[in-house]
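A short worksheet on the structure shown next.
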Number of protein chains: 2
Amino acid sequence: MKYSRQRELIRQAVMEHPVHPTADAVYAMVREREPNISLGTVYRNLNQLAQQGELLKICLPGASDRFDARTDAHHHLLCDRCGRLYDIELGDLSGLEARIRGITDFTVTGYQVYITGICQNCAEKH
Amino acid sequence: MKYSRQRELIRQAVMEHPVHPTADAVYAMVREREPNISLGTVYRNLNQLAQQGELLKICLPGASDRFDARTDAHHHLLCDRCGRLYDIELGDLSGLEARIRGITDFTVTGYQVYITGICQNCAEKH
DNA sequence: ATACATGCAAACGGTTTGCAGAATA
DNA sequence: TATTCTGCAAACCGTTTGCATGTAT
């Protein structure tokens with residue numbers, strides 16, 4: 001992977017964004033510094049960085065994909081009202097893991113807990 | 001909601017399908033008996049039935065939506081290889097629920113456990 | 001008669017891709 | 001120079017929608 005100014009700006013945008021941005025949000029952020037960048041380039045680089053393990057791509061049911069600079073195992077909270085995605089620490093889930101892995105005739109490779117609700121920010125405003 | 005032959009065939013297709021079909025799969029099934037049915041009608045009715053609670057619409061990250069005739073609370077296994085979706089009983093998850101609800105500053109309305117892996121069928125063939 | 005349904009085709013939103021030209025190594 | 005990158009625009013896929021017609025009540 002060769003250096004590119006655009007990719008660095010994209011990486012930086014994801015790291016600085018407090019609540020995991022969509023590709024479109026990254027596009028908007030990067031455009032402030034690099035007005036001629038194309039959306040295609042943003043998508044290409046986000047996918048590339050995710051594939052290299054430098055970023056996490058979070059696919060959500062029914063919504064746009066999000067990107068996360070934190071690559072260690074953790075879970076996410078999705079606000080139903082504003083659509084923002086927050087990190088959450090669920091701590092030790094070995095009980096759940098053991099139960100899942102106890103299921104016969106299916107080789108478990110991973111699992112994800114998606115939690116939905118209303119975030120503090122939205123709760124205050126209503 | 002008024003009776004329609006098409007809707008009955010759609011409902012039946014979902015009930016009979018062993019591993020929760022996509023809209024497209026339902027379309028293919030129903031077309032055998034109702035060759036002129038349109039894909040739009042299939043989507044409209046699946047969404048309608050899901051909204052009435054007669055069906056479950058399962059949104060998967062990165063894949064097409066699936067439909068499930070079982071409407072009680074249960075979780076799902078997604079095969080990475082063939083893309084089929086299976087039902088799973090995780091039993092009592094009150095520990096996890098309590099932990100999730102213990103999170104401050106977020107009003108939890110729901111959560112979903114998505115488990116990925118290789119199904120028996122695919123494991124045998126390789 | 002009046003609602004609600006259908007088939008069709010066009011629109012949609014998010015994402016990917018093919019291409020010619022530009023930047024990096 | 002060889003490779004990887006970019007911007008652009010068109011293609012793509014799953015899904016939704018507008019419309020004129022048809023069907024159930």
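This one's a predicted model, so the numbers in the text were calculated from it and none came from an experiment.
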| Stretch residues 8-40 of chain A: residues that reach within less than 4.0 Å of DNA chain D through a heavy atom | A:N36, A:I37, A:S38

| request: Would you check, one step at a time, whether the test side chain to side chain contact (heavy atoms under 4.5 Å, CB included) holds for A:R101 with A:I103? | output: CA-CA 5 Å; A:R101 289 182 200 283; A:I103 307 288; over 6 Å; no

| task | Find the distance B:R5:CZ to C:dT6:C1' and express it as a whole number of Å. | result | 10 Å

| query | Does B:I100 reach the side chain of A:V113, with side-chain heavy atoms less than 4.5 Å apart? | reply | yes

| said: For a 4.5 angstrom cut-off between non-hydrogen side-chain atoms, does A:L85 reach A:L77? | reply: no

| query | If you measure only the distance, is there a donor-acceptor pair under 3.5 Å linking the side chains of A:E16 and A:Q12? | reply | yes

| task | Take atom CD of B:Q112 as the centre, draw a 6.0 Å sphere, and report whether it contains more than 12 heavy atoms from other residues, nucleotides or ligands. | result | yes

| pair A:E89-A:H75: side-chain heavy atoms closer than 4.5 Å | no

| field | Among D:dT17, C:dT16, D:dC5, the one nearest A:M1 by side-chain distance | value | D:dC5

| Phosphate-side-chain proximity, A:N45 and D:dC5, N/O vs OP1/OP2 below 4.0 Å | no

| field | Closest to the B:R7 side chain, choosing from C:dT15, C:dT24, C:dA5 | value | C:dA5

| request: May I ask you to verify if any side-chain N or O of B:Q48 is less than 4.0 angstrom from the OP1 or OP2 atom of C:dC4? | output: no

| request: For the side chain of B:K2, starting at C-beta, report the closest nucleotide among C:dT15, D:dG14, C:dA5. | output: C:dA5

| task | State whether B:Y43 places a side-chain N or O below 4.0 Å from either non-bridging phosphate oxygen (OP1 or OP2) of D:dT15. | result | yes

| field | Flag side-chain contact, heavy atom, 4.5 Å: B:L78 against B:I115 | value | no

| task | Would you kindly give the NZ-to-P distance between B:K57 and D:dG14, to the nearest whole Å? | result | 14 Å

| query | Can you tell me if the side-chain N/O atoms of A:N47 get under 4.0 Å from OP1 or OP2 in C:dT15? | reply | no

| query | In whole angstroms, how far is the C1' atom of C:dG14 from the CZ atom of A:R66? | reply | 13 Å

| query | Which nucleotide in the list D:dT16, C:dT6, D:dT6 gets nearest to the side chain of A:S4? | reply | D:dT6

| query | What about A:R44, does its side chain sit under 3.5 Å from the base of C:dG18 through a donor-acceptor pair? | reply | yes

| C:dG7 OP1/OP2 closer than 4.0 Å to side-chain N/O of B:Q6 | yes

